[in-house]
Amino acid sequence: GAGVSQSPSNKVTEKGKDVELRCDPISGHTALYWYRQSLGQGLEFLIYFQGNSAPDKSGLPSDRFSAERTGGSVSTLTIQRTQQEDSAVYLCASSLASGRSYEQYFGPGTRLTVT
Amino acid sequence: ELKVEQNPLFLSMQEGKNYTIYCNYSTTSDRLYWYRQDPGKSLESLFVLLSNGAVKQEGRLMASLDTKARLSTLHITAAVHDLSATYFCAVETSGSRLTFGEGTQLTVNP
């Protein structure tokens, strides 16, 4: 079946602009996660959603970052007033459920470059 | 704060040789994952280790978990070039969030 998909695959933006990154999880997966991968910081957790529960936002690096998940499916990660240090690959993952040890399946990522 | 440390970070080995990658973590957890990442690609799940003493094998790779020592190992047997990639361990903590190690960049030379 279809895996996790993300769009766009690449995004180049100017410093100070807002960007939106999209994630389509695997159908039926109730848990959705955002991570980012950068040279300096490695792989970092950002936020996760589980069903209708309040999201765990504890990994978001600043209040310029926000995410929503509509209808328990598609998620959008928004970065406002982008800075050069936001340049990274943003990875989305989904799993059957959180609180149990279900595998997280990762999407191909969105490579964000802030110039 | 949970820390996950991999050793070594860079590994160059010859085809046919054996080697082990180590993953140490600093907090109690009995859930550990290994992922593979090829250049420019996303993360591919290799192993899910869910309890102390768990051992899993797939082809030339074998992973184990010792929760008392807070240590997981990824053993490579008779390496082949196709195994060249970066390998990450990740520890699952509250809410199923994963904390990743720094990654081990493996190069297998003919």
Side-chain angles (χ1 to χ4, degrees), chain A residues 2-7 9-10 21 23-26 29-51 53-60 67 88-111 113, chain B residues 1-10 21 23-54 56 58 63 65 67 72 85-105:
Chain A
V4 177
S5 61
Q6 293 185 245
S7 60
S9 55
N10 281 285
L21 312 180
C23 171
D24 283 89
I26 294 172
H29 280 193
T30 58
L32 186 147
Y33 307 78
W34 284 97
Y35 297 86
R36 74 174 175 181
Q37 185 173 26
S38 58
L39 281 176
Q41 302 298 324
L43 272 156
E44 306 172 277
F45 165 81
L46 296 177
I47 186 171
Y48 99 91
F49 299 87
Q50 168 52 32
S53 302
D56 176 355
K57 305 179 182 180
S58 59
L60 295 179
V89 176
Y90 289 81
L91 294 165
C92 176
S94 70
S95 70
L96 278 172
S98 70
R100 300 182 181 185
S101 298
Y102 288 115
E103 271 179 89
Q104 293 183 25
Y105 295 86
F106 283 80
T110 293
R111 180 174 297 277
T113 304
Chain B
E1 180 188 344
L2 170 62
K3 291 188 178 180
V4 182
E5 295 181 337
Q6 290 183 230
N7 175 39
L9 299 183
F10 299 93
I21 299 170
C23 174
N24 291 274
Y25 54 98
S26 64
T27 193
T28 302
S29 175
D30 57 2
R31 303 167 184 172
L32 190 136
Y33 302 79
W34 284 94
Y35 287 89
R36 168 180 172 146
Q37 187 175 40
D38 291 289
K41 303 292 186 182
S42 190
L43 297 168
E44 173 192 352
S45 178
L46 293 175
F47 298 109
V48 180
L49 303 169
L50 300 179
S51 61
N52 186 41
K56 292 203 174 176
E58 180 72 34
L65 178 61
T67 59
S72 180
T86 299
Y87 293 84
F88 292 92
C89 64
V91 175
E92 181 180 322
T93 55
S94 61
S96 300
R97 60 190 288 179
L98 296 179
T99 301
F100 286 85
E102 308 98 319
T104 296
Q105 187 174 319

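Just so we're on the same page: letters track the sequence lines, and every chain starts at 1.
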Next item on the list: Go through the structure and list residues passing side-chain hydrogen bond (donor to acceptor under 3.5 Å, both in side chains) with A:Tyr35, not counting sequence neighbours.
Entry: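 A:Tyr35 satisfies side-chain hydrogen bond (donor to acceptor under 3.5 Å, both in side chains) with A:Gln104 once adjacent residues are dropped.
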Next item on the list: Give, as side chain, backbone, both or neither, the part of A:Leu91 having an atom under 4.5 angstrom from any heavy atom of chain B.
Entry: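 Just its side chain gets close to chain B.
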Nearest atoms (heavy-atom pairs only) where [X] meets [Y]:
| X | Y | value |
| --- | --- | --- |
| A:Pro108 | B:Ser42 | CA-CB, 3.7 Å |
| A:Glu103 | B:Tyr33 | CA-CE2, 4.3 Å |
| A:Phe45 | B:Leu98 | CB-O, 4.1 Å |

Notebook entry, point to check: Any salt bridge (charged side-chain N to carboxylate O under 4.0 Å, His left out) pairs touching residues 34-49 of chain B, not counting sequence neighbours?
Noted result: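 Applying salt bridge (charged side-chain N to carboxylate O under 4.0 Å, His left out) to every pair that reaches into residues 34-49 of chain B, excluding sequence neighbours, yields B:Arg36-B:Asp38.
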Margin query: Counting heavy-atom pairs under 4.5 Å with chain B, which one of A:Gly59, A:Gly42, A:Gly107 comes out on top?
Written below: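 So the answer, after comparing A:Gly59, A:Gly42, A:Gly107, is A:Gly107.
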Next item on the list: Check whether any side-chain heavy atom of A:Phe106 lies under 4.5 Å from a side-chain heavy atom of B:Gln37, and answer yes or no.
Entry: no
